[in-house]
Structures are given as C-alpha cells and as structure tokens.
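Just so you know, ligand 1 is whichever comes first in the structure, and atom 1 is the first atom listed for that ligand. Numbers for residues simply follow the sequence, beginning at 1.
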Amino acid sequence: MKKLLLILLVGLFVVPAANAAIVTYGWEDGGTILTSYGDIIATNVGAPDPVHGGERSLYLLDQAASGTPEVFVAWVVGLTDGDEVTANIWRYDTTPSASPSCRIWGGYTSVGGTIDDYAGSAGGNSDYGPGTGWDQTSYTWTFDSDEGARDGLTIKVRTYSNLGDFVWVDDLEVIYPDGTTAHIPQGASPVEESTWGGIKALYR
Ligand SMILES: [Ca+2]
Ligand SMILES: [Ca+2]
C-alpha cells in the first residue's frame, strides 16, 4: 500500500496539468515549407541526398548574398502569455565548426495577422551543431503576447552563412498547447489531445 501511494505521489509530480498536442512532419508527402524570408531555395529530396527518417527530407540552398535567409516550417496560433512551444528537428551538414550550418529560430506574428505579419523575434537556439552528419536540435519558446498584440509563433530554419551553402533537415516535431493551432507544411498528421505522458511515451 505504501508503495502504491508513493507511485501515485510520484505520478502527480511528473504529469503537468496542461495537456499538449504534438505534430510531426518528415517531408514524406512531398511538401516543402510554409513560406520563406530572404533568398533561399527549399526542395523536397530523397536518396542519394541525406534522409533521416523515411525516404524524403528537405534540402535548403542559401541564395543570399548577405543576411540570414530562413524557411518557415511551422506556425502556431492562438497562443497566450506563458504558453510553451517546443520544436525538435534533425539537421545535417558535414562541416564541423564551419559553414554551412543551420539552426532553428522563432518569430512572433500579430493578432489576426498572417504568417508574414512579423511582430518581433522570439529567439532560438545558439548552437550550430556538431556538423558531423545528423543531429537533433531543440528549442522551447515561452510565449510573450506583448500585452495582447501578438498570438502567433513561427518556427524557422536559418542557414549560415554564405551564398551557395546547403543543409538538409528532417523529422520535425512541434509540441504546442491544446486549444491552439499548429500549421505545418502540407499533409502532416497532427496527434490531437495528447497528454504530456503520452508525448513522453513517444520518446522511449
Ligand atoms: Ca523524412
Ligand atoms: Ca557546419
């Protein structure tokens, strides 16, 4: 009985109250991106290009003479202050400590706006990865509505740093609050009403 109580108590601490949903996308249906900013070409590819899961991945070719171009791979709307959104994505380059490389970045969109209605940077991860093939990078954003002016978060992949640089990405996962909406490139299958426990089970 004591053991059972202990299990119940531990259970209370590891399962947060709020439910979250998860959506995954591995470019298997031939989709590419939601939109882009700056000069960058996104192409759905298969072998002999690197593929992490399944048979397709996304190839990104930096065409910008200056600045950091980016592709939008997810857009979550209906967010309020303090909501958490996590993105996990696999990325591929074979140039350690040198470009080409990529990382994920977030941006806000204004209330009632489109994916293009930029309302400020939400930051992102600072590491460019080991550059030794595939690695999974992750970032969690805590939403800031700027006193109700914004309700959307875009998730972007940025390439660094030169014209002609190229990387691949695959197997995107976005974890977002129940009751908000996640847009991803076409054809993905959202898993609604997942609990945090259910999501943890996916990682075992
Ligand atoms: Ca894939
Ligand atoms: Ca690199």
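- Aromatic ring centroids of W27 and Y25 lie under 6.0 Å apart.
- Between H52 and W134, the angle of the ring planes goes over 60°, which puts this pair in the perpendicular group of the 30/60° scheme.
- If you look at the Ca ion (ligand 1), the protein N, O or S atoms less than 3.0 Å from it are G26 O, E28 OE2, G53 O, R56 O, D170 OD1, D170 OD2.
- Ring pair F143/Y108 is perpendicular by interplanar angle, where above 60° counts as perpendicular and below 30° as parallel.
- Counting only N and O atoms by type, the side chains of D165 and T159 include no donor and acceptor under 3.5 Å apart.
- In this view, P96 and T132 satisfy the side-chain contact (heavy atoms from CB on, under 4.5 Å) rule, not counting sequence neighbours.
- Looking at heavy atoms from C-beta onward, S126 lies in side-chain contact with R103 at the 4.5 angstrom threshold.
- The one candidate from D29, N44, D49, D170 that meets the side chain to side chain donor-acceptor pair (under 3.5 Å) condition with R56 is N44.
- Using a 4.5 Å heavy-atom threshold, the side chains of D81 and D144 count as touching.
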Give every donor-acceptor pair under 3.5 Å between a side-chain atom in residues 32-41 and any protein atom, sequence neighbours left out.
none

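- Within the protein, the N, O or S atoms sitting under 3.0 Å from the Ca ion (ligand 2) are D93 OD1, T95 O, T95 OG1, A98 O, P100 O, S101 OG.
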